[in-house]
2 protein chains.
Amino acid sequence: MSYTIKEVAERTNISAHVLRYYEKEGVLPRIDRSQGGSRRYTDEDLDLLGLITCLKNTGMPLKDIRTFVQLREEGPVTLAQRRDILKAQQQNVLERLEEMRMNYEKVTKKLAYYDGLLAERQAEGAKK
Amino acid sequence: MSYTIKEVAERTNISAHVLRYYEKEGVLPRIDRSQGGSRRYTDEDLDLLGLITCLKNTGMPLKDIRTFVQLREEGPVTLAQRRDILKAQQQNVLERLEEMRMNYEKVTKKLAYYDGLLAERQAEGAKK
DNA sequence: ATAAAACTTAGAGCTAAGGTGAAGTCAAGA
DNA sequence: TCTTGACTTCACCTTAGCTCTAAGTTTTAT
C-alpha cells in the first residue's frame with residue numbers, strides 16, 4: 001500500500017505543508033515519488049512518522065530527530081547508536097512524567113486553597 | 001524580607017533578563033522599587049512566581065498567565081474566575097500526564113524492539 | 001569617597017517550529 | 001478541450017519566548 005500526502009495528512013493530523021517541511025529538514029527521509037513526482041508514503045513511512053511524532057511530543061527537538069532519522073538511513077550499522085538515543089529519551093520522558101506529577105500536585109493544592117477562600121466568602125455573605 | 005533581582009534569579013533559575021521581561025509583559029505584576037528604582041521582590045512575589053512557573057511548565061501560554069495575574073491584581077472580586085482557570089489547568093495537566101504516559105509506553109516498546117534486534121545481531125556474530 | 005558590581009530602560013535580534021502565497025506542473029472527469 | 005484540484009518548489013512571514021546590547025544610574029564594599 002501507498003498513500004498520497006493528503007491521505008497521510010488526514011490520518012496523522014499533520015498538515016501536508018508540515019510533512020513537506022519535515023522532509024526538507026531531514027526529519028523524514030526522502031519519500032518515494034510517483035511517475036509525476038508526487039509523494040507516495042509507504043506503511044513503513046507511516047510507522048516511522050508515528051515514532052517521530054512521539055519523540056517530538058516528548059520534547060525532542062526536530063534537529064535531534066533528524067539525527068536519529070539520518071542514522072536510520074545508514075542501516076543496521078547504527079542500531080546501537082539509535083538504541084542509545086531511545087534509551088536517553090525514555091529516561092527523559094520519565095523525568096518529565098515525574099515533573100508533571102509534581103506540577104499536578106501544586107495546581108491541586110492551590111486550587112484547594114482557592115476553594116477554601118471561596119467557601120469563607122460564601123459563609124461570610126450568608127451571615128448578613 | 002525583600003530580595004534583589006539577582007537573588008531571585010539565583011533562587012528560581014530564571015534569569016534577571018527574563019524576570020524583567022515577565023514584568024514588562026504583565027506575566028508578573030509591577031514589582032516594588034527601592035529609592036533608586038531597583039526592584040525589591042517580596043516573599044509574596046516569590047510565591048506567585050512559583051505558581052507562574054508551574055503554570056508555564058504545564059503548558060499555559062504566557063498570555064493566559066498574564067490574564068490570571070491581571071485578575072489577581074483586581075483583588076478578591078475575581079477569586080471565582082481565578083479558581084476556574086486553575087480548575088481548567090488542573091484538567092489540562094491530567095490530560096498531559098496521560099499522554100506522557102502513553103508516549104512513555106511507545107518509546108519503551110520501540111526500545112525493546114531495538115534491544116531484540118541487537119541481541120540477534122550479537123548472537124549472529126557469536127556463531128561465526 | 002571612589003571603584004566595581006549590579007541595577008535601570010529601551011529596543012533590536014535570535015531560534016524553533018511552523019504558516020502563507022506565488023507560480024507553475026500534472027492528471028482525471030464533463 | 002477545458003477546468004478543477006492536488007501536486008511541486010521557493011521565498012518570505014509569523015509567533016512565542018526569550019536573549020543580548022547599549023548607555024546610563026544605583027548600590028555596595030573598602
Side-chain angles (χ1 to χ4, degrees), chain A residues 2-42 45 49 51-70 89 92 96 99 103, chain B residues 1-42 45-46 48-70 89 92 96 99 103:
Chain A
S2 83
Y3 315 88
T4 67
I5 200 169
K6 197 192 179 199
E7 285 163 352
V8 174
E10 275 162 8
R11 214 158 130 157
T12 63
N13 280 316
I14 300 174
S15 73
H17 171 81
V18 170
L19 289 171
R20 293 192 197 100
Y21 165 71
Y22 280 179
E23 189 177 335
K24 196 178 79 183
E25 296 296 313
V27 170
L28 275 175
R30 168 88 188 170
I31 303 295
D32 275 352
R33 309 295 159 120
S34 69
Q35 289 295 334
S38 299
R39 289 169 179 79
R40 287 299 126 91
Y41 294 79
T42 65
D45 291 331
L49 189 51
L51 179 59
I52 288 169
T53 302
C54 172
L55 294 176
K56 189 174 88 61
N57 288 344
T58 53
M60 188 182 284
L62 294 187
K63 73 170 160 43
D64 292 2
I65 297 175
R66 174 171 52 207
T67 301
F68 183 88
V69 170
Q70 273 167 0
Q89 187 62 7
N92 216 306
R96 277 166 179 269
E99 198 194 316
N103 281 322
Chain B
M1 264 307 273
S2 82
Y3 314 88
T4 66
I5 199 168
K6 198 193 180 200
E7 285 163 352
V8 175
E10 275 161 8
R11 214 159 130 156
T12 62
N13 280 316
I14 300 173
S15 76
H17 272 306
V18 170
L19 288 171
R20 292 196 196 95
Y21 165 72
Y22 279 179
E23 190 178 334
K24 197 176 78 181
E25 296 296 313
V27 170
L28 275 174
R30 169 89 188 169
I31 302 296
D32 275 354
R33 308 298 159 117
S34 70
Q35 290 294 335
S38 298
R39 289 169 179 79
R40 289 298 126 93
Y41 294 80
T42 66
D45 290 333
L46 286 187
L48 175 59
L49 189 50
L51 179 59
I52 288 170
T53 302
C54 173
L55 294 176
K56 189 175 85 64
N57 289 343
T58 53
M60 188 183 284
L62 294 187
K63 72 172 161 43
D64 292 2
I65 297 176
R66 175 171 51 206
T67 301
F68 183 87
V69 170
Q70 275 167 358
Q89 187 63 7
N92 217 308
R96 276 166 180 269
E99 199 193 316
N103 281 322

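In what follows, chains carry the letters A, B, and so on, assigned in the order in which the sequence lines appear, proteins first and then strands, with residues in each chain numbered from 1. A quick note: this is a predicted structure, and the numbers were derived from the prediction, not measured.
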What's the [atom1]-[atom2] distance between [X] and [N], to the nearest Å?
X	N	atom1	atom2	result
A:Met60	C:dA16	CE	P	15 Å
A:Arg33	D:dA6	CZ	P	18 Å
B:Tyr22	D:dA16	OH	C1'	11 Å
B:Leu19	D:dC18	CG	C1'	12 Å
B:Ile31	C:dT9	CD1	P	12 Å
B:Glu25	D:dA16	CD	C1'	10 Å
B:Lys24	D:dT19	NZ	C1'	11 Å
B:Lys6	C:dA4	NZ	P	17 Å

From [options], pick the nucleotide closest to the side chain of [X]?
X	options	result
B:Lys56	D:dC18, C:dG18, D:dT9	D:dC18
A:Ile5	D:dC7, C:dA17, C:dC7	D:dC7
B:Ser34	D:dT27, C:dT8, D:dC7	D:dT27

Residue closer to the 5' end of DNA chain D, B:His17 versus B:Lys63 (nearest nucleotide):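 In this pair, the answer is B:Lys63.
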Touch class at under 4.0 angstrom, heavy-atom based, for A:Arg20 against every strand present: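 A:Arg20: base contact, heavy atoms under 4.0 Å.
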Indicate the atoms forming the closest heavy-atom contact of [X] with [Y], along with that distance.
X	Y	value
A:Ile31	A:Glu23	N-OE2, 3.2 Å
B:Leu28	B:Leu19	CD1-O, 4.0 Å
A:Ile65	A:Val27	CG2-CG1, 3.9 Å

OP1 or OP2 of [N] less than 4.0 angstrom from a side-chain nitrogen or oxygen of [X], does that happen here?
X	N	result
A:Ser15	C:dG19	yes
B:Arg40	D:dT26	no
B:Tyr21	D:dC20	no
B:Arg39	C:dC7	no
B:Arg66	D:dA16	no

Most 5' of A:Gln35 and A:Val18 on DNA chain C, judged by nearest nucleotide: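 Of the two residues, A:Val18 wins.
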Separation between OG1 of A:Thr53 and CG of A:Leu49, rounded to the nearest 0.5 Å: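 Rounded to the nearest 0.5 Å, the OG1-CG separation comes to 4.5 Å.
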Distance-only donor-acceptor check, side chains A:Thr67 and A:Asp64, under 3.5 Å: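 A:Asp64 and A:Thr67 do not have a side-chain donor-acceptor pair below 3.5 Å.
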